[in-house]
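To start, the structure under review is shown below, and the notes come after it.
Here the structure is a predicted model, which means the values were calculated and not measured. Index from 1, following the sequence.
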Amino acid sequence: MTPFSSVTRRKMCIRESGSEYDCISELGELGLVEFRDLNPSVSSFQRRFVSEIKRCEEMERILGYLLREIHKARIAVPEEDESPLAPPPRQVLEIMEQLQRLEMELSEVAKNKEKLQRNLLELTEYTHMLKITQTFIHSRSRHEALGPQYEEFPTMETDSAGGCTGMQRLGAKLGFISGLIQRVKVEAFERMLWRVCKGYTILSYAEVDESLTDLDTGEIGKSVVFLISFWGDQIGQKVQKICDCYHCHLYPHPENDEERADVLDSLRTRIQDLNNVLHRTEDYLRQVLQKASESAFSWVVQVKKMKAIYHILNLCSFDVTNKCLIAEVWCPISDLAKLRGALEEGSRKGDATVPSFVNRIPCTDTPPTLLRSNKFTSGFQSIVEAYGVGDYREVSPAPYTIITFPFLFAVMFGDLGHGIVMSLFALWMVLTEKKQNKKRSNNEIWTTFFNGRYIILMMGLFSVYTGLIYNDCFSKSLNIFGSGWSIKAMFTNQQWTNKTLQNNALLTMDPNVSGVFNGPYPFGIDPIWNMAVNRLSFLNSYKMKMSVIVGVIHMSFGVVLSVFNHLHFKQKFNVYLLFLPELLFLLCLFGYLVFMIFYKWLAFSARESNRAPSILIHFINMFIMQGKDITPLYPGQTGLQIFLLLVAMLSVPVLLLGKPLYLYWLYRGGKGLRRRRGYERVRRASEDNSITPSYDDDEEEGFDEVSNREPLPKQFDFADVCLHQAIHTIEFCLGCISNTASYLRLWALSLAHAQLSEVLWAMVMRLGFKITTKVGVVFLVPVFGLFATLTVSILLVMEGLSAFLHALRLHWVEFQNKFYHGTGVKFVPFDFSLLPSVFEQEGLL
């Protein structure tokens with residue numbers, strides 16, 4: 001990864017029609033260039049290769065159907081180690097015919113299978129209906145019936161003379177309707193029969209024991225077998241309509257037991273035959289799908305590449321003879337040799353007699369930004385690009401973010417134990433990245449963690465470092481080198497006695513007593529502070545000062561990086577009128593604050609700490625010009641502070657008016673100076689309406705970019721320039737104050753993380769250690785499990801996410817806005833490996 005990028009615009013010409021497909025295919029495999037649309041006014045439906053794209057879309061539709069059938073059959077689609085190349089145009093029709101033939105075969109087999117399954121379901125339902133309705137017919141009492149019955153027919157009285165009922169004398173005939181209905185519809189169905197038929201029906205029903213698949217919806221659910229007895233055709237027609245409205249599955253009812261037995265025997269035979277045929281059909285279908293799955297992946301990749309090639313060809317234009325394809329591309333300067341080699345290979349594959357060639361196009365358009373990255377740096381590059389894509393040839397903060405981002409995170413998250421756990425988790429993801437890439441998980445949260453595995457690894461390693469600095473491991477200190485404080489000296493010098501220990505709950509160690517303080521701890525904070533009552537006050541003072549120091553250094557580094565942009569874009573006046581005033585304002589005020597912090601640390605030892613003055617009071621007195629009665633921090637402090645304050649105040653008008661006045665003078669006067677320093681060339685370019693700078697092959701051919709990044713237009717608006725500069729000045733000056741205060745979040749989150757870790761240890765683990773009996777060992781196991789769960793969920797995940805977001809804000813707002821504009825356009829090459837796949841998003845591949 002480099003802080004600069006270099007891309008040039010090229011005109012590519014393919015001489016013979018027929019080789020353009022192979023040339024674009026070679027470029028797609030290499031991913032070298034970004035194509036520009038040469039037909040912006042032509043709609044997508046009127047372009048040259050619309051029919052070919054429609055053919056590819058038709059093949060995609062067939063492949064989608066094929067993959068869904070394969071997925072439904074639970075057959076794995078094997079992936080090839082190497083991605084297949086785009087097929088030549090003469091093989092496209094062969095692939096199309098093969099897919100269409102396969103689709104017809106699959107659809108026919110699938111329809112036959114569906115028809116067989118439907119017949120099997122119908123026969124199964126018919127069997128259940130016959131078995132259950134037999135109990136209705138042979139019921140001898142109303143209590144034996146499984147469903148309720150309506151009242152007897154009102155005209156069923158038997159005539160003693162004729163031995164027939166009144167309905168029979170009227171010519172009415174007893175009829176039966178039987179079938180199945182969904183369980184949820186039974187109550188409404190029963191109510192409707194009663195209301196419509198006025199009680200001239202008898203309904204008996206019972207639920208089927210096993211769940212059946214619905215013939216219409218395909219859903220599995222409970223069904224109910226019913227038998228309706230009625231008199232007369234008119235009532236039968238009404239019952240038939242009601243059954244149709246409730247989507248009942250009706251089956252013929254046998255007239256006697258012999259017919260019922262014959263039908264049952266026939267159904268058993270037919271069901272057995274259908275099962276045999278259905279198994280054979282499923283085996284044949286699976287064989288077809290198994291064979292198709294072997295080629296499915298290569299077909300998907302080939303169709304995707306073909307469609308992409310024709311899309312790119314639609315961006316190109318042909319000359320008047322329709323024999324020469326013309327394309328305009330952005331290409332990195334370092335890849336020009338590869339571009340020419342790809343065109344030569346494409347022309348050879350296309351059997352072109354005249355080779356293709358590449359020409360440079362002088363242009364005034366701003367090139368896209370290309371920053372090469374690998375799997376380690378891509379995560380940090382994504383953090384920067386989330387703020388904005390850098391301008392062309394602008395300094396990229398990504399290389400520095402690799403160090404500063406995990407470091408600022410670790411300052412807020414510093415804990416040796418938590419850092420080791422985070423590092424081990426990230427290291428596991430790094431070591432198994434090949435295996436995890438093959439799985440292609442659809443879990444968005446896991447994918448986010450996995451893509452940022454190297455960021456998490458760096459954050460964990462830096463957290464281990466800052467945890468050693470804080471001497472903090474799961475809220476406990478490690479006494480590695482031995483404390484620099486000694487209690488024994490207090491007893492030796494008669495400062496403490498046994499009576500002193502008995503009468504005082506808290507004791508203060510005096511560093512002025514010889515032998516009490518033997519020197520600072522070799523690395524990090526002395527472990528004795530973990531036992532001190534004033535530990536929090538000491539750590540607050542230390543971490544607050546550390547946050548200010550880190551913040552000022554980080555912001556100053558951002559201001560220094562702006563010099564590279566000014567010099568590269570030939571804006572040396574910005575070095576004197578922007579960079580120097582900004583750096584002087586920042587260092588004279590907040591750089592001086594850092595100086596006082598270091599001076600106080602070095603000038604006052606532990607024995608003189610009670611006489612150390614307050615830095616905050618001295619810093620405030622610097623602005624209000626007071627504090628003569630206060631003891632100075634060092635000799636000559638007042639004079640130096642007045643000088644630094646004057647320099648900072650004088651930097652403001654220079655920053656506010658320097659650039660607008662210089663540009664106004666440059667536009668209105670200073671012709672001799674312009675001519676001597678090459679500004680006449682800029683003037684001549686603006687007179688020729690070439691206002692925008694040229695981004696030709698500056699590195700390859702040594703072109704001298706004398707045109708500024710902000711060239712002077714014909715109409716110079718002094719008020720507009722002053723307004724923009726005033727906004728920049730106010731933003732920078734106030735930003736120095738607010739941004740320095742913003743870095744105090746390092747102190748606040750570090751304190752919160754340490755306190756949460758200490759509370760978790762005191763409220764969970766300490767309870768387990770208090771039980772000293774044998775039961776305590778058993779009790780310690782669930783306590784440790786709870787402690788580990790809370791540590792991972794709260795301290796690692798929640799606190800880690802909070803520290804990550806705050807570190808992100810410090811980079812975007814406090815660091816990057818000092819030099820990084822982020823208003824560029826990203827270089828997006830035509831690369832087959834970057835093309836999205838609809839089938840992968842749907843989980844079919």
Polar contact flag, side-chain donor to acceptor under 3.5 angstrom, His811-Thr404: yes
Interatomic spacing from CG in Leu666 to CG in Leu661 - rounded to 0.5 Å: 12.5 Å
Partners meeting side chain to side chain contact (heavy atoms under 4.5 Å, CB included) with Tyr542 (sequence neighbours left out): Ile469, Tyr470, Ile525, Met546
Aromatic plane relationship, Phe413 with His418 - under 30° parallel, 30 to 60° tilted, over 60° perpendicular: tilted
Pair Glu814-Ser742, side-chain donor/acceptor within less than 3.5 Å: yes
Atom pair CD1 (Ile794) and NE2 (His753), whose distance is rounded to the nearest 0.5 Å: 11.5 Å
Heavy-atom donor-acceptor pair, Lys600 side chain to Pro613 backbone, under 3.5 Å: yes
Ring centre gap for Tyr599 and Phe604 strictly below 6.0 Å: no
Phe827 CZ to Trp330 CH2 distance, which is reported to the nearest 0.5 Å: 10.0 Å
Main-chain N/O of Leu461 paired with Ser423 side-chain donor or acceptor, under 3.5 Å: yes
For Phe718, all residues meeting ring-ring contact (aromatic ring centres under 6.0 Å, His included), sequence neighbours excluded: Tyr664
Which donor-acceptor pairs under 3.5 Å do side chains of residues 586-598 form with protein atoms, sequence neighbours excluded?
| unit_1 | atom_1 | unit_2 | atom_2 | d |
| --- | --- | --- | --- | --- |
| Tyr592 | OH | Tyr634 | OH | 2.8 |
| Tyr592 | OH | Gln641 | OE1 | 2.8 |

Those residues that, when tested against Leu744, pass side chain to side chain contact (heavy atoms under 4.5 Å, CB included) (two or more places apart): Met544, Ser547, Val548, Trp747
With sequence neighbours excluded, residues passing side chain to side chain contact (heavy atoms under 4.5 Å, CB included) with His728: Leu578, Glu582, Leu655, Gln725
Donor-acceptor pair, side chain of Thr369 and main chain of Gly390, under 3.5 angstrom: yes
Where at least one partner belongs to residues 534-559, residue pairs that pass salt bridge (Lys or Arg N to Asp or Glu O under 4.0 Å), sequence neighbours excluded: Arg535-Glu758
Under 3.5 Å donor-acceptor, Gln816 side chain and Pro397 backbone: no
